[in-house]
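Every chain is numbered from 1 and lettered A, B, ... according to where its sequence line falls, protein lines coming before strand lines. None of the values given here were measured: they were computed from a predicted structure. Below, all heavy atoms of this structure are taken into account, side chains as well, without hydrogens, waters or symmetry copies.
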Amino acid sequence: MRFLFKTDYNQDIRIAKHSGYYWSYGLLLLIVVAAPYFLEGYYIGQMTQLFIIAMAGVGLMLLAGYTGLVSLGHAAFFGIGAYTEAVLTSNGVPLPFMEEPVIFPFVISMPLAAIFAALAGVVIGIPVLRLTGIYLAIATFAFALIIEEILSRWESVTNGYTGLLVESLYIGDTELTDGAPFYFLCLGLLVLVILMSINLLRSPTGRAMMAIRDSEVSAQSMGVNLARVKTTAFALSAGITGLAGALFAHKLGFLSPESFTVFQSLELLVLVVVGGIGSLHGAIFGAMFVLALPQGLAILKDYLPTAIAETPGMEPFIFGFILVLVIIFEPYGIYGRWLKIKHYFQMFPVYKKATFKRQKAYMKSERLK
Amino acid sequence: MSFFKAENLAINFGGVKAVDGVNFEIKKGECFTIIGPNGAGKTTIFNLISRIYDSTEGTMTFDGQDITKVPPHAIASLGIARTFQNIELFEHASVLQNLLVGRHCHSRTNLFSELAFTPSMRKAEIAHREKVEEVIDFLDLQHYRESLITNLPYGVRKVVELGRALCTEPKLILLDEPSSGLNVEETQDMSFWIDDIKKDLGITVLMVEHDMGLVSEVSDQVLVLNYGRMLAFGSPQDVQNDPEVIKAYLGE
Ligand SMILES: Nc1ncnc2c1ncn2[C@@H]1O[C@H](COP(=O)(O)OP(=O)(O)O)[C@@H](O)[C@H]1O
Ligand SMILES: [Mg+2]
């Protein structure tokens, strides 16, 4: 058991709350930095994919987990980021006074991909400002369908269902978009995104987001401009997911609208909920989960009777089923479970189950608006 | 000149006239209480002042400014803070975070310095924290700083909500039934705090309250409301002895 003695307000602001943080996160960082030197190519690729999905998850977490706005259309922002990156770095963009289409370097194209996705976030964010809950989910869902349709129909740019080849990127002679270099690029950007999210969450806007999630009326009475903060949350969330999309474009090497469907949106939502709603750790745990599940299922299939194993729609079904189980039995997801296990060992042998029993929620009889 | 003034204030919900032509004036530094049977329209008046509802008729002026059309998120920075009858705290955040949201109207947010958490950002955060600590000391909330609201008992939540309102450094504070759901000792504490808020912090108090003991202890003026209309007005003693008021409470 660790007791913290606080002597400075900075202690509550600091990211590392006590020296234990340096050890545990330092060790984690050491492991992920050293990993490419030990892992085989396939596993490096898997880890890279994990970083990308986790980044998209952090994006959705800010919106769904921290602002309480559930989006069922985040694959759209993922797709916008991916296509923007592909067009800017591979097709090139015809600009005035240029004979050839201009190919952008990734240090410009990736921020642009994030910005385009963020703008799309604002475009969808503003009209749905007044919607919450299921209505918001439906509106974002519809938006994602529209984007999917645009990706498949706007053939002059996206090449429709024929697909779009994404060129590899090079720095000098080394290929940036494969193996260890790409691993480090994705890791670095993920760490950057997480640090910025932590910063946001310890700042007024981050707190305003949580305030909106828990009570819009009182947030407003405390001076929170609902429209502004919600739009900001949408833009940031979409921008981060768009950046993840840009990386994903290189991971795939080939884009087609089928990579950005409703199932992807659902997968991101499962990531957020199963990982642990309202925590950045949750986004990472959730990413591990959505990445591992299909592979676990593939292994499991070998042991199941053919009739069950070959049933179409098995994967979405399992996804949905686990989603329901988590919502019922562990509302704070894998991260919530992790906290309990950690607590158990810290308190051993005097762990009390009641520590995590939630108090009876007080009835709210008067709902405004 | 009056500090807060409501003139001919009215609002309809469908056919229901929840508030129907109410006039009152609050002087700076006093405690003004609205009482009345359930459904009289007391909370609705609070919601009108905090601009959650648009009034159908009438005007409100506060500190020399017309606030009838001010957007709801601008009310806090004008100096009006409130609590809610059924406690509207940020449930999944800590007490500290709740109180810091109370500082929101005083923070100039710039997304980029927030994302980078610049040194000036850190300085501003610490300044807000110092203000919050003053409120924590004032309300004896030291033990609860890190607690999540979901884990707090009802009585403490009431105090946290009061604290959050104080963190905005209001000139006028609206308290909707501050003692409801509290036990005798907690009510006594609340009464002392309201008195301190008025006398030591110099904040004008507008309160809705049922506990007549508390009302007589802290109020300077009492307005009695029934079916959205003003029934009586005066000192706590006067209204308690008013035959009309007794009739409204006991029923005809
Ligand atoms: N948002 C609303 N929509 C419809 N009717 C409302 C609304 N808010 C309050 N009312 C009605 O206005 C009347 C006054 O309510 P309220 O101000 O909450 O009373 P109280 O004096 O008990 O606080 C009640 O009849 C209530 O049903
Ligand atoms: Mg009421």
Side-chain angles (χ1 to χ4, degrees), chain A residues 4 6 8-10 12-15 65-66 68 192-193 195-229 232 235-236 277-278 332 355-369, chain B residues 43 47 50-53 71-77 80-93 96-98 100-109 111 113-117 121-122 124-126 128-130 133 145-146 149-154 157 161 164-165 167-168 181:
Chain A
L4 283 186
K6 296 194 177 164
D8 180 1
Y9 295 149
N10 258 317
D12 283 332
I13 294 175
R14 224 168 267 154
I15 294 178
Y66 285 100
L192 184 73
V193 161
L195 284 178
M196 285 191 343
S197 304
I198 294 175
N199 283 343
L200 181 75
L201 293 171
R202 54 181 176 157
S203 308
T205 302
R207 284 195 295 268
M209 282 161 47
M210 291 185 253
I212 288 176
R213 173 191 67 193
D214 290 351
S215 167
E216 284 196 6
V217 249
S218 57
Q220 214 172 15
S221 300
M222 294 298 121
V224 173
N225 185 337
L226 296 185
R228 193 158 92 198
V229 174
T232 307
L236 267 177
I277 197 103
Y332 293 103
T355 312
F356 284 97
K357 276 252 165 61
R358 276 171 301 163
Q359 286 246 342
K360 195 171 100 241
Y362 291 97
M363 262 267 290
K364 291 196 170 179
S365 49
E366 175 198 50
R367 292 265 81 191
L368 294 154
K369 277 194 181 166
Chain B
T43 300
N47 289 341
S50 34
R51 295 285 302 113
I52 295 170
Y53 296 154
H73 61 258
I75 288 293
S77 41
I80 303 179
R82 71 172 290 183
T83 66
F84 294 82
Q85 186 173 344
N86 290 297
I87 305 188
E88 289 278 347
L89 284 168
F90 310 122
E91 295 268 323
H92 302 284
L96 202 53
Q97 283 172 317
N98 269 268
L100 281 168
V101 175
R103 301 294 306 159
H104 193 86
C105 58
H106 295 284
S107 35
R108 281 177 302 280
T109 57
L111 191 60
S113 55
E114 290 184 325
L115 290 174
F117 211 77
M121 188 71 221
R122 180 182 297 269
E125 280 296 301
I126 287 175
H128 288 315
R129 178 66 190 271
E130 275 160 7
E133 286 299 324
R145 268 191 206 101
E146 318 281 332
I149 303 298
T150 28
N151 300 329
L152 290 180
Y154 190 83
R157 292 179 193 217
E161 214 195 15
R164 188 181 62 183
C167 282
T168 67

Counting only non-hydrogen atoms closer than 4.5 Å, does A:Thr232 touch chain B with its backbone (N, CA, C, O), its side chain (CB onward), both, or neither? side chain
Under a 4.5 Å heavy-atom cut-off, does chain B meet the side chain of A:Leu236, its backbone, both or neither? side chain
Any residue meeting side chain to side chain contact (heavy atoms under 4.5 Å, CB included) with A:Leu192, in chain and number order, not counting sequence neighbours: A:Leu189
Below 4.5 Å, heavy-atom pairs only: which of A:Gly278, A:Ala219, A:Gly206 has the largest tally toward chain B? A:Ala219
Top contributor to chain A contacts, counting heavy-atom pairs under 4.5 Å, from B:Arg164, B:Gln97, B:Arg103, B:His106: B:Arg164
Indicate yes or no for a side-chain donor-acceptor contact from A:Arg213 to the backbone of A:Gly65 under 3.5 Å, with no hydrogens or angles considered. yes
For side-chain hydrogen bond (donor to acceptor under 3.5 Å, both in side chains), just list the numbers for A:Ser203 and B:Glu114, CA-CA rounded to whole Å, side-chain angles, deciding distance to a tenth of an Å, and then say yes or no. CA-CA 6 Å; A:Ser203 308; B:Glu114 290 184 325; 4.7 Å; no
Highest number of heavy-atom pairs under 4.5 Å with chain A: which of B:Leu115, B:Thr168, B:Ile80, B:Leu96? B:Leu115
If one checks every heavy atom of B:Ala116 against chain A at 4.5 Å, the contacting part turns out to be backbone
Contact class of B:Ser77 relative to chain A, heavy atoms under 4.5 angstrom: neither
Pairs involving residues 200-209 of chain A, ordered by first then second residue, that meet salt bridge (Lys or Arg N to Asp or Glu O under 4.0 Å) (sequence neighbours left out): A:Arg207-B:Glu125
Using non-hydrogen atoms only, which part of B:Ile149 is less than 4.5 Å away from chain A: side chain, backbone, both, or neither? neither
Has the side chain of B:Asn47 got a donor or acceptor atom that lies under 3.5 Å from a matching backbone atom of B:Tyr53? no
Select one option (side chain, backbone, both, neither) describing which atoms of B:Ile75 are under 4.5 Å from chain A's heavy atoms. neither
I'd like to know whether A:Ser221 forms a side chain to side chain contact (heavy atoms under 4.5 Å, CB included) with B:Phe84, so could you lay out the CA-CA distance, the side-chain angles of the two residues, the decisive distance to 0.1 Å, and finally the verdict. CA-CA 10 Å; A:Ser221 300; B:Phe84 294 82; 3.7 Å; yes
Do B:Leu89 and A:Asp214 come within less than 4.5 Å of each other through their side chains, counting heavy atoms only? no
Of the backbone (N, CA, C, O) and the side chain (C-beta and beyond), which part of B:Arg145 lies under 4.5 Å from a heavy atom of chain A, both, or neither? neither
Picking from B:His128, B:Glu146, B:Arg51, B:Glu161, which has the most non-hydrogen pairs under 4.5 angstrom with chain A? B:Glu146
Decide, yes or no, whether a salt bridge links B:Glu91 with B:Arg157 under the criterion of side-chain N to carboxylate O below 4.0 Å. yes
